[in-house]
Amino acid sequence: HREPLEDGGCHFVCYVFQCTDEALVDEIMLTLKQAFSVAAAQQHSKDQLQTCEGCPMQELHKLCEKIEGLHPSKTRLELQKHLTVLSNPEQASIFEEVQKIRPRSEEH
């Protein structure tokens, strides 16, 4: 049984009872399992809807999906295109980090 809370949420109340028919117990348990599975799926979809579209991790995830499986030259183009939408300080920071990890042979 779902009971609403003052803050707009809700909590569940479970009643425990004794039953003499095993088939009825199985049916009740299956129904409860299905109900909680549906509730969990609904909560999960609600949580996903609350994801901030401007979140840096969300942006990174979208970029990773976009470049996954691309040829390295196309990956590089996608990354360069993505860099153009970043602010100057962000671009400078990324450039500095790349310079730190780039092997010396690639600098020429």
Enclosure of Gln80 CD (heavy-atom neighbours >12, cutoff 6.0 Å)
yes

Decide yes or no for Leu79 and Leu63: does some side-chain heavy atom of the first lie under 4.5 Å from some side-chain heavy atom of the second?
yes

When rounded to the nearest 0.5 Å, the distance separating OG1 of Thr75 from CG of Leu70 is 4.5 Å

Identify all side-chain donor-acceptor contacts of residues 89-96 below 3.5 Å with residues at least two apart in sequence or on another chain.
unit_1: Glu90; atom_1: OE1; unit_2: Ser87; atom_2: N; d: 2.9
unit_1: Glu90; atom_1: OE1; unit_2: Ser87; atom_2: OG; d: 3.1
unit_1: Gln91; atom_1: NE2; unit_2: Leu83; atom_2: O; d: 2.8
unit_1: Gln91; atom_1: NE2; unit_2: Leu86; atom_2: O; d: 3.0

Lys74 NZ to Lys66 NZ distance, which is reported to the nearest 0.5 Å:
13.0 Å

Glu65 and Lys62 ion-paired at < 4.0 Å
no

Say you draw a straight line from CD of Glu59 to NE2 of His82; how long is it, rounded to the nearest 0.5 Å?
6.5 Å

